[in-house]
Structures are given as C-alpha cells and as structure tokens.
There are 2 protein chains.
Amino acid sequence: MRDQKQFYLRKGQRRAMIAEAAQTLILERGYAALRTRDVAARVGINISTLHFHVPTKAAMIALVAEATRDSFLALLPPTPDPSRPARAQLRAEAQAYHDSLRDRPELVACHTQLRQIAATEPELTDMLDTFAQGWCQRYVEVLAIGRAQGVFRADLVPQPAALAITGALTAFGPRGPDGLAMFWPVFDEIERGFLATQINEGELR
Amino acid sequence: MRDQKQFYLRKGQRRAMIAEAAQTLILERGYAALRTRDVAARVGINISTLHFHVPTKAAMIALVAEATRDSFLALLPPTPDPSRPARAQLRAEAQAYHDSLRDRPELVACHTQLRQIAATEPELTDMLDTFAQGWCQRYVEVLAIGRAQGVFRADLVPQPAALAITGALTAFGPRGPDGLAMFWPVFDEIERGFLATQINEGELR
DNA sequence: GCATGAATCAATCATATGATTGATTCATGG
DNA sequence: CCATGAATCAATCATATGATTGATTCATGC
C-alpha cells in the first residue's frame, strides 16, 4: 500500500475513511479483534496518524457509531403523517428497513455489534437507546394513526405493538431460513394481526 | 482468595467453576475484555491450572456456550402437546422465557454476547443456530396446535408467526421502558393478533 | 519564496496477553 | 506407606497492543 503519490487529506475526510475502515473490520472479525493498527493499515496511514485524527480507540468507536446511525437515518421514509393511509406508511417503514438489510447489511450488522460494545461503554448506550427509541416511535405513530383511521384494531395498543413489530423484524434472522426470505411473511403475519377487518369466522367456543 | 485450605477438585467441577467465572466476566465487561488471567483469578487458580482444564480460550468460550444453553433448556416447559389447550401452552412458553429473564438474566445476556462472538467462531454459530431453531420450533408447534384447535386464526402461518413472537419477546428491550415492564403487553398484543375470536379476555390459563 | 500549521511517518514505550515449561502438592489404590 | 497420576503453581516466553515522541512532508496565505 501507499504505492502511489499520497496527498494529505482534510481531517473530515480522513475521519470518514477511518470510520469506514473500522466498521468493515468490526464486521469482518468482530469488535473483540479490532486493532487500531489494522484500521490504520486499511486506511493506508501510519498508526500515529490515526491517533492524530482520532485520539483514542473509544473515540474511534464513537465515530463509527455516529456514522452508522446517520447512514441509517438517511434511509428512513418520510415522517408519519396522519393525513396519509396508515397501512401504506407502515409498509413503507418496513420496506425501508428491509431495503437497508438488503442493500446496506453492514449498517444493521454494525449496529448489533455496537449494541454489545455498549454494555461496557455508557456513552454508546445513550446514543443507541435514543436512536432505537426514535425509530420505534415512528411505528408507534403510524400505528396510532392507523387505529384512528379505523385500519387497525380499536383495541390495538400502539406502544407494545410497535415494540412487537420492530422486535420481530429485527430479531428473526438466526431462527429461520437464511437471508431475508422470512422478512415479508413475518411482517404480513403481524400486520394481519393488527388489521381491524378480520373476516374469519372461527368456530366459537 | 485462596486464603483457606484449598483442596484439589475434580476436572468436572473445576470446568464448571471456570465456565461460571468466564460467563460472569463476559457479562460484566464484555467478551472483548475477557482475559484468561481474569477468569483464573476469579476461580482462584493459577493461569496454568486453567489451561490444564481448558486448553485454549476458544475451548473456554465453547464451554460457556454449552453451559448457558443447558441451563436455558432446563427452564423450558413441557414439550408442546396436541391434546392440551394451545393458548395455555403458548403462555407457558412465554412465561418460561419471562421467568428466565427475571430470574436468570445472565443466561439471555450471555447468549446475546455469544451470538456476537459467533460471527467469527463458526463452531459457535452452529450450536447457537441449532439451539435457536429448536426453541422457535416449539412455538411453531404450539401455534399449529392452536390453529387446529380453532383457538388461533385459520389463516395463521405457524412459522412466520413463531418467528414474530420469539423475535418480539427477544428484542424489545432497548426500545422501551426498562426491565420487563413491556413483556406482557407485547405478548398480549401479539397474541391478540393471533386469536381466532377478537372477543373476550376470558380466563388466562 | 517562505513562514506557518496541518498532516504524516518511523521508532519506541510500557504493558497486556495467550500459552508453555518444569517443578510441586495432593488424593488414592494397593 | 508409598507409588502413581491428577491437579496445581511460579516463572517465563513470544508476541500483541494502545499510545507517545520527535522529526518530516505538504498545502496555503501572504
């Protein structure tokens, strides 16, 4: 590496490169195996140059977290709107998450790793929790809108329902078939349970 | 430590102590900060004694994984039974998981950590996936039984539904209020969506 | 040009870390 | 009691690792 003329870069650009390299290495080998030297090597800079841009390893992790969060936020659909059909908005939220899993799998994977790191890095916890709650709140609002519109059950409670759907879409990975094959079946199953118009005439007891 | 007369222990007992100490340290400081020396110190043995019982760090992780899995399996309710009421069985499954979160939080927390480690330890992945699929399969069976009994919607698809409910119960933690406050609301919300009859909140169990 | 500060690097420090070696202590069967 | 093997420990190895120091190179304004 460094086989061609190397121009000095501005701090912002270098930091972005460092964040991306660190994220890649976390995903490839896990946080436990993350070494500042390896990050520097991947960026193509000296270890001390890395420390010039990012004072400590913890600061580097924080940088990765911010970058990951911002990338994810950029993929979200428009904010929930009471004047638009709730079912479409709910699906749009799920679609956005689905697409992020399909097109930017590193974002969610990195977020999962950061979640574990956060167990011992309090400042990370705050950031991730704020982010997660904000994300879930979007579902809460869409569900409340849909209930008001009569699209969803009148007895649906938005908060637990939002936790249920975000939890389900987040966590089904290791328990089912590979990839995203079960994403929409899971979503459809949950949505079916939320809808107000159940036509089934199940036998009464 | 080691302030009183120390008797030699059998390999099985020592290995159990090592597994417990390693698990505790993983939960306290995260896997990235797990050191064989610290495990040995916690057990109260020399680092080389630890290596006598557990040849490598990777073997120690595998030991922790097995112990955690076995402890969790021991807390599960009876195997799904087509001749018993499905709703009670579903609730029993959830209750068992709830109780494990309440009484043995280290089990699930450790499992979550191991899940991350598994990203770079293939043999761990197999074990955890097998375990997770087996756990989810119990829900699949209960849901199928309930559908046959007419308790759950006729159009309910057991596999995605099981992924949804296990996912929801597994993952809601960071997005809602602390602790288990939202456990039953989330469960009830999902169950309500599964039921064939939207009426009543009859007798529970 | 050239002074200045930002960006970069080679070399090094101090400690951490997984693992090994060889001697020592204990429990147990005969 | 004592031979034997299991269990334990002190000391050490070889390398990894986060961070620092001080010198060097580049870009930019004047």
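Lettering follows sequence order; numbering is per chain, from 1.
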Query raised in the report: Does B/Ser48 place a side-chain N or O at less than 4.0 Å from the phosphate oxygens OP1/OP2 of C/dT20?
Result: no
Requested in this report: Name the pairing partner of C/dA23, where a pair is Watson-Crick or G-U wobble with both distances under 3.5 Å, or state none.
Outcome: D/dT8
Report task. Could you state the atom-to-atom distance from CZ of A/Arg29 to P of D/dA16 in whole Å? Result -> 13 Å
Requested in this report: Take the protein atom NE2 of B/His53 and the nucleotide atom P of C/dA19, then report the distance between them rounded to whole Å.
Outcome: 16 Å
Query raised in the report: How are the rings of A/Phe131 and A/Phe72 set to each other: parallel, tilted or perpendicular (split at 30° and 60°)?
Result: perpendicular
**Report entry** Closest to side chain of B/Ile47, choosing from C/dA19, D/dA7, C/dT28
**Finding:** C/dA19
Report summary line: Picking from C/dA19, D/dC9, C/dT8, the nucleotide nearest the side-chain atoms of A/Phe52 would be C/dT8
Query raised in the report: What nucleic acid atoms does B/Leu50 come within less than 4.0 Å of, heavy atoms only: base, sugar-phosphate, or nothing?
Result: nothing
Query raised in the report: Are A/Gln23 and A/Glu106 close enough that a side-chain donor and a side-chain acceptor fall under 3.5 Å?
Result: no
Query raised in the report: Closest to the A/Thr36 side chain: C/dA19, D/dG18, C/dA16?
Result: D/dG18
Query raised in the report: Hey, does the side chain of B/Thr49 reach the backbone of B/Ile45 with a donor-acceptor pair shorter than 3.5 angstrom?
Result: no
Report task. Under 4.0 Å between any heavy atoms, over every strand shown, what does A/Arg37 touch: base, sugar-phosphate, or nothing? Just pick one. Result -> base
Query raised in the report: Rounded to whole angstroms, how far apart are CD1 on B/Ile61 and P on C/dG18?
Result: 10 Å
**Report entry** B/Arg14 vs D/dT8: side-chain N/O to OP1/OP2 distance below 4.0 Å
**Finding:** yes
Query raised in the report: Does B/Val64 offer a backbone N or O that forms a donor-acceptor pair with the side chain of B/Arg69 under 3.5 Å?
Result: no
Report task. Consider only side-chain N and O atoms of A/Asp129 and A/Gln133, and report whether a donor and an acceptor are under 3.5 Å apart. Result -> no
Query raised in the report: Roughly how many Å is it from NE2 in B/His51 to P in D/dA11, rounded to a whole number?
Result: 19 Å
Query - Nearest-angstrom distance from the residue atom CZ of B/Arg35 to C1' of D/dA16 - result: 11 Å
Query raised in the report: Which whole-number value in Å describes the distance from A/Gln13 CD to D/dA27 C1'?
Result: 13 Å
Requested in this report: Report yes if at least one side-chain N or O of B/Arg10 is closer than 4.0 Å to OP1 or OP2 of D/dT8; otherwise report no.
Outcome: no
Query - A/Asn46 side-chain N/O to C/dA10 phosphate OP1/OP2 under 4.0 Å - result: yes
Requested in this report: Check whether any side-chain nitrogen or oxygen of A/Thr49 sits under 4.0 Å from OP1 or OP2 of C/dA7, and answer yes or no.
Outcome: no
**Report entry** Rounded distance in Å - CD1 (B/Ile45) to C1' (C/dT25)
**Finding:** 15 Å
Query - For atom OH of B/Tyr31 and atom P of C/dT17, their distance in whole Å - result: 13 Å
